[in-house]
A.B. asks: 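Input: one structure, supplied below.
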2 protein chains.
Amino acid sequence: MAARDAAQNASPATAQAHQSHDHRECIDDALARARDICAARGVQLTPLREKVLQIVWRSHKPVGAYEVLDELSRSHKAARPPTVYRALDFLMSEGLIHKIESLNAYLGCTEAGATHSGQFLICHQCGATEEISDPKLETALDQAAKRAGFVAERKMVEISGLCARCAA
Amino acid sequence: MAARDAAQNASPATAQAHQSHDHRECIDDALARARDICAARGVQLTPLREKVLQIVWRSHKPVGAYEVLDELSRSHKAARPPTVYRALDFLMSEGLIHKIESLNAYLGCTEAGATHSGQFLICHQCGATEEISDPKLETALDQAAKRAGFVAERKMVEISGLCARCAA
DNA sequence: TATGGGGCTGTTATGATGTAACATCTGGCG
DNA sequence: CGCCAGATGTTACATCATAACAGCCCCATA
């Protein structure tokens, strides 16, 4: 897997990420799900947007907008920053990707379909970023906000450190 | 207080923030605490760094680095971006301020002295940002990381929504 | 057919945030 | 004095993001 991953993707985004699974399946699943979701909602997952989604999904590392732009430029000469940001904005508004605020980078959403803010474990060694969905954490967030009389809308949780493999 | 706050501070940072308390006390306390902490640690809270800390503390709204720069320039003509970023880096490394990642802005730490990552309630209406320290939330974060075999180093929690006053 | 409106993309320019790299200053210490 | 470390000055640049307007395409409707 690691070899194929490296072969099909020369971008630095995946250079270090731990990939012990068949990542092509991740991509295929994500794209198929995205198509279903957009069709059901009556919004357009255009070829451009799908291509951007595919690029974001090339690894489990958050990808910067300009990295997406570089990659997109190979097949789409006209690509400019607004091209990419507009696609990223669309994908975020449909809950298909997340922005990792602490890295100014974007990551495919593994829970696409359900609207949620996302909770992330970011390894600063290999870059791999795992999205988790912890009900207790969710509850704790809601309780903390409630206690302060605060109406929570977006709840961002980004934990950086070392993933299990890098810590070992 | 609102009147004095407006008078002593023309920066947009405080334009909307709810300030029902004597904010001058906040600033004075924060600066005094910072001096104590730095003295105890044998690190230099230079006049420049103290001035930057004071500017960050002018309100309970996170302040952008270039806003700090504008303000600092009034008294310190030589100020440039690196001047500000170096001071901010120092203040963060000593735990005297926090960076709010979702806003790319900086906020005075109300728990200075104890090393912690900070949990924030960010009102997108008035901009006021409250730092909370919720033990249950802290536990939930640790548990979530542990469950994934992840070694947590920095735990970022930023909840945006409406503060009690703006929601009312 | 025509027409006009909405959604998507192209294009140019610029704004906002952050850092690299090297120079200079200052105070303490052998 | 001579040197070093830490702080600041200074120039240039890298990175991240958006404003504003132009053009295109589909298609609903007259």
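Just so we're on the same page: letters track the sequence lines, and every chain starts at 1.
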A.B. asks: Main chain of A:Leu31, side chain of A:Glu50: is a donor-acceptor contact present, judged purely on distance under 3.5 Å?
C.D. replies: no
A.B. asks: If you look only at pairs with a residue in residues 120-168 of chain A, which of them pass as a ring-ring contact (aromatic ring centres under 6.0 Å, His included), with sequence neighbours excluded?
C.D. replies: A:His98-A:Phe120
A.B. asks: Between the side chain of B:Arg49 and the main-chain N/O of B:Leu88, is any donor-acceptor distance below 3.5 Å?
C.D. replies: no
A.B. asks: Please check: side-chain N/O of A:Arg154 versus main-chain N/O of B:Ile159, any donor-acceptor pairing under 3.5 Å?
C.D. replies: no
A.B. asks: Please identify the 5'-most and 3'-most nucleotides of DNA chain D with any atom under 4.0 angstrom from a heavy atom of chain A.
C.D. replies: D:dC16 to D:dA20
A.B. asks: Looking at A:Thr129 and A:Ile122, would you say the former's side chain and the latter's main chain have a donor-acceptor pair under 3.5 Å?
C.D. replies: no
A.B. asks: Counting only heavy atoms and a strict 4.0 angstrom limit, can you tell me which residues of residues 78-96 of chain B come near DNA chain C?
C.D. replies: B:Pro81, B:Pro82, B:Tyr85, B:Arg86
A.B. asks: Donor-acceptor pair, B:Arg147 side chain versus A:Asp134 backbone, under 3.5 Å?
C.D. replies: no
A.B. asks: Which part of the nucleic acid, if any, lies within contact of B:Lys77, taking any heavy atom under 4.0 Å across all strands shown: a base, the sugar-phosphate backbone alone, or nothing?
C.D. replies: nothing
A.B. asks: Rounded to the nearest 0.5 Å, what separation is found between the CZ atom of B:Arg74 and the NZ atom of B:Lys51?
C.D. replies: 9.5 Å
A.B. asks: Which is the 5'-most and which the 3'-most nucleotide of DNA chain C that has an atom under 4.0 Å from a heavy atom of chain B?
C.D. replies: C:dT17 to C:dA21
A.B. asks: Any donor and acceptor pair, going by atom type alone, linking the side chain of A:Ser59 with main-chain N or O of A:Trp57 inside 3.5 Å?
C.D. replies: no
A.B. asks: Contact list please: residues 30-57 of chain B against DNA chain C, heavy atoms, distance less than 4.0 Å, in numerical order.
C.D. replies: none
A.B. asks: Evaluate the side-chain proximity of B:Leu107 to B:Ile97: yes if any heavy-atom separation is below 4.5 Å, no if none is.
C.D. replies: no
A.B. asks: Does the side chain of B:Glu71 pick up a donor-acceptor pair with the side chain of B:His76 at under 3.5 Å?
C.D. replies: no
A.B. asks: Return the set of residues passing side chain to side chain donor-acceptor pair (under 3.5 Å) with A:Ser102 (not counting sequence neighbours), or none when no residue passes.
C.D. replies: A:Glu158
A.B. asks: Flag the pair B:Glu131 / B:Cys109 as yes when at least one side-chain heavy-atom distance between them is below 4.5 Å, and no otherwise.
C.D. replies: yes
